[in-house]
Each structure stands twice: as structure tokens, then as C-alpha cells.
Amino acid sequence: IADDNIIAIPGISYFAKADRDGNPIRGYFLSFGIAFMFNCIGELNLIAPLISQFFIIVYLIINFACFVMDISHSPGWRPSFKYFSRYTGLLGALLCLTVMFLLNLWYALGCILIAFSLYLFITWKDPGVSWGGTFDAISLYSAYQSVLNLGLNNKQKIGEISSISINWRPSFLLLHLINSNNQRIYNNDGVTYFVETLRKGHSLIFAVQIFIAEFRENLLNKMNENDNISTALSGNTTTGYLPPRKHTSSRIHYKSKRVNGFSNQITSESYRNGVQGALQMTGLGILRPNTLIMAMYNEKTDDIKSEEYVEILRDTLLSGCGIMICCGFNANDGNKINWQCNNYQLRNNAMNKDIIDIWWLVDDGGLILLTPYIMSLHNFWMKCRVRINVVTDENEDNATWYEVNKIKELIKKFRLPYKDEPRIIRVKNNEISSETLNKFENYANSKITETTRQKVICRWLRLSELLIEYSKNSGLILVTLPVPTTFITPKQYMAILKCLSDQIQLPPTIIMRGNGQGV
């Protein structure tokens, strides 16, 4: 108890000191003093039944622990007794339990209550030591069997997109590109806080840091110099896991022990190679990420070039994953969201800051419709309303009717609790203003007349103007990600994304596209 610091009693650490053979001599004297005080009662018959109960329950727990360790198939469990059997361990535990109740019913119930209370207290205390618990062994074996059984139950062929969406759920790959200045650190990244609010969908979260380094020489140095994802918020975290949440609600006063997800670090010669490795190797079996989440490209702070950034987006879509690019979530984007509040609050005074605007452009499987619902399950977004925007031509009434009904059918099919009617935005033409044109050309470092897909680019730039006109006072924007085709150069493509997420005039924005699989 003293050595593992289970009970925070002042001065108890004094008795944890042991000799060179590991014998706690001071602890022996303390135990002797406690036993001597009970002997001074003068009537041992008063406590003898309770002492007997404690002895028996110790043997009960030992027998039961042997039974559980044996059924967990742990290679570390190697009993030396020749005639040991798991069934003798279980029989011994049942016999001890029977004897306890035969001796004294109330003492037996009291002893079991005390033992269970101690177990709950140690579990709550979480002293941070590894005792090789039997329940840990059985949990590991059960998890191992469950992952293997998922492969038997999953009838979907490799590379085939399933049409059954009832069991589909998004699994997120949170990408951190660590530059030479050690920026984009976990505990200062608003994108990470956003992903944390998506955990109410019971989705897997994989956080990956990608370092640019030579593997043999710089791997250990990079891991030690930079704040590890899994120890940035807590130094007491198992390798490969994100740290337990440290946020405490104002209504409940206990520290949550739930782990957010998994973490990994990749050392690569380029960011693109690192992302390719993460997309191929992250996860086990069908427990793999299907949606990549990353921050918006910033040429001032990121060491990555626009060409490599666009290639990462192409590789992600080619691998069958969706993409979510978050803009306005980090401190270098203006720090617009106050992540320390219990509910979503913008730092500016937007009129409709409780509205999440969805700009529906193409049917990519419905991920853009599902994401606000998953967000609303968390207290941070619970008070926000969802509004769907449909952009149509002013003269195409039939097309408008078709799109609106299609969205309503999807909402009904997916059973999404969106009450607001879709907002129809009619566009007269795709002519863009000179201000938007100049902004695009400054970002792209080229004239729009030099592009090969001028009409396509103009449509996306016109959409950026509609975002500013209709959603600049909203709380959050979700807009469809343009397909990064090879007909548009990387700089021109990044210029389109910057116009769609102009954080000078727009609220925080998520540019996203699903993988085409129905959700």
C-alpha cells in the first residue's frame, strides 16, 4: 500500500522502504503494532469470525485469479503445479464462497462488501502501477478474439464498397505534420479538440505525427525532442494510446479515465510518403480509419509545399478515405473557437453563431450530413442548429425540386433529427466579382485565363462568394471539397480552397468529401 501510494496518508511512504532483499522491515513493525492493538481487546472471539472470513476470501480470490488467467490463454501464465486445472481453481473459489456463508451470513456479506469497496477504490485511485491484473489478460484475449471474429462476420470483399450503412461509422485519422519549428503540437491544436468532440459517435480515432527525418540516425532524437502525442497532456499513458481526457465538466467533479484513441509516430523522408504509410498501415483488419482529418495548409508555418499537400489529398481519395480539412480551428488561424467552454462559442459576435451551415453540392455518400449529427451528440455542439443550403440555377425549378426532395429523402432515410427546411439559394450566373478574381490570382500566382478549367474554377469561386453572402454570420460551415483533378495545378487548387475558407470574412470552416460509401 505504501510503495504503490494507494492511500494518500501523510508519512505512509516511510514504511515503504525495504532492505536489499526486498523485505519491508518498517512495514513489518507497523503490521505488528496493528495486530497487537487488536490483541489488547482481550476477547479474540469477537473478531475471529471476521478474520477467518478475510483469510477465506483471500484464497477465493487466488483460486478465481488462477481460473481467469488460465482461460485468458496468456503465455505468461505458466503454473508449475503438475496437476493444476482451471476447473480445480474454479471449484476452489466456489468452495471458499460456500464456506464463508456457512460460517456466518452477515460476516460473509460484510467481508465481500469490504473487498469489493477496496477494489473500486483502487480502480478509482489508479495508482499507475502494473500488477498484471487478471482482468487485463482476459480483456486482451477478448479483444483479440473480437477483432478476428469481425473478419469472419464481414462478407465485404477487399476494395468493395458495402451498400449496408447501418453498421458503418466514421473512423478518423488525425494527421499532424511536424515541421522544423516543432509546431502543430497536440495540446495546442484546435483540430485535435474538434476531433475529441466527435468521440460521441463511438468512432475510432487514430492520431499520427509525421516527422521528416532519417530513420536510423534521427528517429530516437525526434521522439525525445518533440512532445509526444501520447504524453503531451499526461505523462502516464500507455505507448500507442492518446492520453485520458483532462476536461472536467462543471456539473460533475471527477476526472474521466476514458482514453481518446490511438497514437503513432512515423519518420519519413517526405510528408507524402509518411501519409501513404499511415493510410496503408494504420488500424487492424476492418478497424481502420476511413476519414482523414488535417488542418488547412499554411505556407507561412508549414514546411510542406502546395504540390505535396494536393498529392496527399489525391492519395487519400484514391485509398477510399474521406477528407476533412479544418480551417479556423487553430491559434494561427485566429483562434476563433473557445474550446475551454462547455458549449460552442465564437470569440466574435456572429448573429447566427448557433447555426451549422451545410453547403450540399454533390452526393458523396452522406458524410457531410452525418458529421453535424455526430457533433450534436457532444455537449459542446448540442445547442447548435443545422441548416442545409442547396445551390441551384435560377431558371431550373425542376432541378431545384429534385435536389430538395433528394436531401429530404436522405435525411429521412438516415433518421437525422434536422428540423430546419433546406434553404434554396438561386444563382443567376457564375460571374465572379473583380475582388474575388484578384484574390484567387494572388493566391495562385497566375491569371485565371491561364487555367485549363476556367468554368469549373469560376463555379467554385462563385460558391466562395455565396458563402460570404449567406454564411458569414453563421457559427460553422461545412462545404464540399473540390476534387483535386490533374487538370488544375496545385497552386490553383489551393487558391480555390483558400477562397472557400477565407478566415478574414468567414467563420470556422470544414471542407470535406466522403468516400462515396453510404452512411
Side-chain angles (χ1 to χ4, degrees), residues 139-154 156 158-159 161-162 164-176 186 189 191-210 228-230 232-234 237-245 247 256-266 274-295 315-317 319-326 365-368 370-378 380-381 510 512-519:
S139 297
L140 180 62
Y141 179 72
S142 300
Y144 163 74
Q145 289 293 334
S146 298
V147 173
L148 293 181
N149 290 335
L150 284 174
L152 298 176
N153 298 331
N154 184 34
Q156 178 181 334
I158 298 177
I161 297 178
S162 174
I164 301 176
S165 60
I166 188 171
N167 291 326
W168 189 90
R169 65 184 65 200
S171 299
F172 304 106
L173 177 61
L174 175 59
L175 192 62
H176 294 261
Y186 175 77
D189 197 346
V191 179
T192 303
Y193 289 126
F194 166 70
V195 176
E196 185 178 331
T197 63
L198 300 176
R199 59 181 171 77
K200 286 294 184 178
H202 302 284
S203 303
L204 293 173
I205 298 176
F206 301 88
V208 176
Q209 281 182 322
I210 297 180
N228 192 334
I229 287 182
S230 56
L233 296 183
S234 173
T237 302
T238 306
T239 302
Y241 290 86
L242 292 174
R245 289 181 285 113
H247 302 293
S256 173
K257 297 296 183 182
R258 184 188 299 270
V259 175
N260 286 334
F262 307 91
S263 69
N264 195 10
Q265 295 179 336
I266 295 178
V275 175
Q276 288 175 346
L279 291 172
Q280 294 179 81
M281 302 304 298
T282 303
L284 288 173
I286 65 172
L287 299 180
R288 295 181 178 273
N290 51 36
T291 304
L292 177 71
I293 299 181
M294 60 192 305
D315 293 339
T316 303
L317 293 174
S319 65
C321 291
I323 297 177
M324 297 174 65
I325 302 177
C326 301
L367 181 63
I368 196 171
L370 180 64
T371 301
Y373 169 72
I374 296 177
M375 293 166 56
S376 66
L377 298 177
H378 195 278
F380 191 79
W381 307 98
I510 302 176
M512 59 186 300
R513 176 177 286 269
N515 60 0
Q517 181 175 359
V519 301

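Just so you know, residue 1 is the first one in the sequence shown, and it goes up from there.
Residue T316 holds its OG1 atom at 12.0 Å from CG of N290, rounded to the nearest 0.5 Å. If you take CD on Q265 and CD1 on I210, they are separated by 11.0 Å, rounding to the nearest 0.5 Å. F172 CZ to I293 CD1: the interatomic distance, rounded to the nearest 0.5 Å, is 5.0 Å.
Considering all non-hydrogen atoms of both residues, C321 and L279 come closest at SG-CD2, 4.3 Å. Of all heavy-atom pairs spanning I368 and P372, the tightest one is O-CD, 3.1 Å. Counting all heavy atoms, side chain and backbone alike, R288 lies closest to G283 at NH1-O, 4.0 Å.
Between L174 and the choices L292, L198, T192, the side-chain contact (heavy atoms from CB on, under 4.5 Å) rule is met once, by T192.
In this structure the side chain of T371 reaches within 4.5 angstrom of the side chain of M512, judged on heavy atoms. Residues I323 and T291 form no side-chain contact, since every pair of their non-hydrogen atoms from C-beta on lies 4.5 Å or further apart. The shortest side-chain heavy-atom distance between F194 and F380 does not fall under the 4.5 Å cut-off.
Scored by the side-chain contact (heavy atoms from CB on, under 4.5 Å) test, T282 finds L173, F206, V208, A278, P289 as partners (sequence neighbours excluded).
With hydrogens and angles ignored, the 3.5 Å screen pairs no side-chain donor or acceptor of S203 with any backbone N or O of R199. Side chain of D315 to main chain of Q276: no donor-acceptor pair is present (N/O by atom type, distance under 3.5 Å, no hydrogens or angles).
With a 6.0 Å radius and a threshold of 12 heavy atoms from other residues, nucleotides or ligands, L287 has its CG atom above the threshold.
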